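Every value quoted in this text rests on a predicted model; they were computed, and no experiment measured them. Labels below follow one simple rule: chain letters A, B, ... track the order of the sequence lines, proteins then strands, and each chain is numbered from 1.
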Amino acid sequence: MTRRSIQRQASTGLPSPVEAWIDRYRHDGGLRRFVVYFAFALILATFSIILHDDGFLSSSNLLNIGRQAAPIAVMAVGMAFALAAGEIDLSVGSVVALSSLVAAEMVGNHGFLVGLLAALGASVLVGLVNGLITVKVRIPSFLVTLGMLGIISGIARNWNDLQSLPIRNDRFSGLFGAGGLGPVSSLLIWIIVVGGLGHIALHHLRWGRHVLSTGADRDAANAVGINTARVKISALVASATAAGFAGVLLAGRLSIGRHDLGEDYLLTVIAAVVIGGTNLFGGRASVIGAVTGALIMAMLNNGLILMGLEVADQRIARGVIIILAVALSMREAKES
Amino acid sequence: MSTTPALAAVGISKSFRAVQALKDVSIELHHGRVTALLGDNGAGKSTMVKCLAGIYQPDAGSIFVEGTEHRINSSRHARELGIETVHQALSVIDPLDVAENLFLNREKTRGGWLGERIGLLDKRRMREECAATLSGLDIRIPSLRRSVGSLSGGQRQAVAIGRAVAWGQKIVLLDEPAAALGVEQTQRVLDLIANMRDQGVAVLLITHNMDRVLAVCDQAIVLYQGRKCAEVDVPDVTKDDLVSFITGARGTG
Ligand SMILES: Nc1ncnc2c1ncn2[C@@H]1O[C@H](COP(=O)(O)OP(=O)(O)OP(=O)(O)O)[C@@H](O)[C@H]1O
Ligand SMILES: [Mg+2]
């Protein structure tokens, strides 16, 4: 096959797009790249059958799943860039809380735009500090961001003495969670917007290619003159910013800012990203996969609740599912 | 040679903790000439190339490009000065495809000024130019859209060489570029080197194969345990001479 395609290539210059696609498909992982989408369809079908009488497929329940998925999906998109660059961001959950509090603090007096920008600005700042310490002091990002997780969640707890801050701004709530376009929740629109932007950034912007290169082989990326330090910082900023926006979406939906928003999202987000086909150790990433992974996680969560599991049992089941799913997708990745 | 060397490194020393990889080594590369850098494993050849390519900073010595002294402090800087390198470790990015690798960090963008600012890639143009460049160099790769990680060792090497040749207008450093290549591909690389020489490029070639040295090189510099032990014009020496320099049996000082 290879020999033939070399000859064909030699005679015609470029192969036809279809040929090129088939060739790439056969050599670059093939069907394995679509595992996450099969898994999504399979879980959807299974729950539709076994949870039919519990209303799994009702439009209100599906909408509910979408709402649950939105912050996870947005964070997963950001995390995909951090992982692609060969780093990890464990501080994302605390950034969600910080961002919700900053938004709540600012929206009341200064309007929704200032609230949004302040929340995102605070998140960018956290990402910048994470990135600078990781790159300049050369501490592994899992340690830096773990420390940051402690610092930011401490700040969030002190912010208003563990009390939630109300947000009374219809525009903010409408735009970021409670409202929508006709029957479509704004949260679903945000999933599509953030997922679309992330996908374009990864595949069609110089930056995305540089992030991937840096995570795949830092020395090689350096050797062609890519400023890999800056790339790593920017990837951690992206992940923090996405987490900040997830915080805005949660604040919008619940109309509050609170210290514990996003608290136990971390594992779910990492699972969503890895299930979606992103390598935990850099160099391979899929934004659409990460979003699909987030939908899977939200679906599982919802299914477990509908099955009537106690909260404690839900936690156990979720932990088991996450480890299994990640183990499976990592095995797939190693083989390809 | 009376003309200004394209690249001159004078008195380069470099140590890694206890290991002194280079001791006071000087080399000159001239336009339109191919210089071989020879030496046994660990003699310091790759270290020299990395000093010239901006990856390592020498502990002592200076580097002149076209007669002007430069402190080459990054790979980007070296590339800006017209120094293109194929490192022993190739520096291709496995998950990217062939065209993306060829244009890595020199991407073509579309969408005018804004597209340039945000770096919106013109993938089609890069693929077309990549196809034209590689076929112009007679380098054959099954598909430009295939990730480089799925190519064979020799094909990956061909991509790395293609990139250096395509961009290397002035100075090209090749660290064992033909190590993984078959007979036919090796010949093609030697042709490419001869081609670059004819176009006035200054080429540095590291290889362990003496036949290749005799075939394309004009001049040879031999390192022995980090020191320059011989500098000869290739027409004046035999294979046996070169081997005895490399093994340290003999030197020209
Ligand atoms: N980054 C490094 N850290 C420590 N020591 C190094 C490093 N790079 C090279 N060395 C040492 O410097 C010496 C020269 O290495 P170099 O890679 O330049 O050899 P070489 O001539 O390219 O050999 P080969 O033919 O095997 O590629 C060796 O002793 C090597 O162990
Ligand atoms: Mg070497």
Side-chain angles (χ1 to χ4, degrees), chain A residues 1-17 19-30 84 197 200-229 231 278-279 282-286 336, chain B residues 50 53-55 74-80 84-87 89-97 100-101 103-111 115-124 127-128 130-132 134-135 138 140-152 155 160 163 167:
Chain A
M1 138 76 214
T2 320
R3 166 127 320 135
R4 216 172 54 233
S5 74
I6 291 177
Q7 279 159 3
R8 198 180 306 144
Q9 157 104 30
S11 56
T12 61
L14 280 175
S16 78
E19 266 182 298
W21 195 85
I22 292 173
D23 187 65
R24 194 161 49 136
Y25 165 83
R26 293 176 105 164
H27 288 92
D28 290 351
L197 285 178
I200 290 172
L202 181 62
H203 290 277
H204 297 278
L205 293 190
R206 187 190 291 137
W207 177 66
R209 302 286 88 186
H210 288 190
V211 167
L212 213 55
S213 303
T214 300
D217 187 341
R218 190 173 185 185
D219 289 338
N222 268 328
V224 296
I226 292 174
N227 187 340
T228 55
V231 167
T278 295
N279 188 340
R284 189 162 43 88
S286 165
S336 67
Chain B
K50 286 179 180 170
I55 291 183
S74 69
S75 322
R76 184 205 313 249
H77 189 189
R79 272 184 145 194
E80 282 165 6
E84 202 63 30
T85 313
V86 176
H87 290 286
L90 293 186
S91 317
V92 290
I93 304 286
D94 285 347
L96 301 191
D97 69 26
E100 287 173 329
N101 264 289
F103 283 92
L104 192 55
N105 209 23
R106 283 188 169 125
E107 294 86 355
K108 302 272 181 228
T109 58
R110 62 197 162 96
E116 162 61 34
R117 293 301 306 161
I118 64 169
L120 183 62
L121 302 176
D122 191 344
K123 292 192 159 188
R124 236 183 86 161
R127 269 200 293 271
E128 283 167 4
C130 175
L134 291 187
S135 79
D138 205 16
R140 291 183 201 156
I141 304 291
S143 163
L144 303 185
R145 301 182 73 151
R146 224 158 89 192
S147 68
V148 163
S150 74
L151 299 176
S152 78
Q155 290 166 337
R163 180 171 67 194
W167 297 107

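Shortest non-hydrogen contact noted between B:Ser91 and A:Ala220 is CA-CB, 3.4 Å. For A:Ala223 against B:His87, the heavy-atom pair with the smallest separation is CB-CD2, 3.9 Å.
Interface residue B:Thr109: only side-chain heavy atoms are found under 4.5 Å from chain A. Proximity to chain A (any heavy atom under 4.5 Å) is shown, for B:Arg106, by neither the backbone nor the side chain. For B:Ile93, the part sitting under 4.5 Å from any heavy atom of chain A is the side chain, from C-beta outward, and nothing else.
Interatomic distance, NE2 of A:His204 versus NZ of B:Lys123, reported as 5.0 Å (0.5 Å rounding). For the atom pair CG of B:Leu120 and CD1 of A:Ile200, the computed distance is 8.5 Å after rounding to the nearest 0.5 Å. Atom NE2 of A:His210 and atom CG of B:Leu96 lie 9.0 Å apart (nearest 0.5 Å).
A:Ile226 has its side chain within reach of B:Leu104: a pair of non-hydrogen atoms, C-beta onward, lies under 4.5 Å apart. Looking only at side-chain heavy atoms (C-beta outward), B:Ile118 and A:Leu205 come within less than 4.5 Å of each other.
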What verdict does the side chain to side chain contact (heavy atoms under 4.5 Å, CB included) test give for B:Asp94 and A:Asp217, after you've listed the backbone C-alpha separation in whole Å, the side-chain angles of each residue and the deciding distance to 0.1 Å? CA-CA 8 Å; B:Asp94 285 347; A:Asp217 187 341; over 6 Å; no
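Look at B:Glu100 and A:Arg206 and you find no salt bridge, because none of the NZ, NE, NH1 or NH2 atoms lies under 4.0 Å from a carboxylate O.
Using a distance-only test at 3.5 Å, with no hydrogens or angles considered, a donor-acceptor pair links the side chain of B:Asn105 to the main chain of A:Val224.
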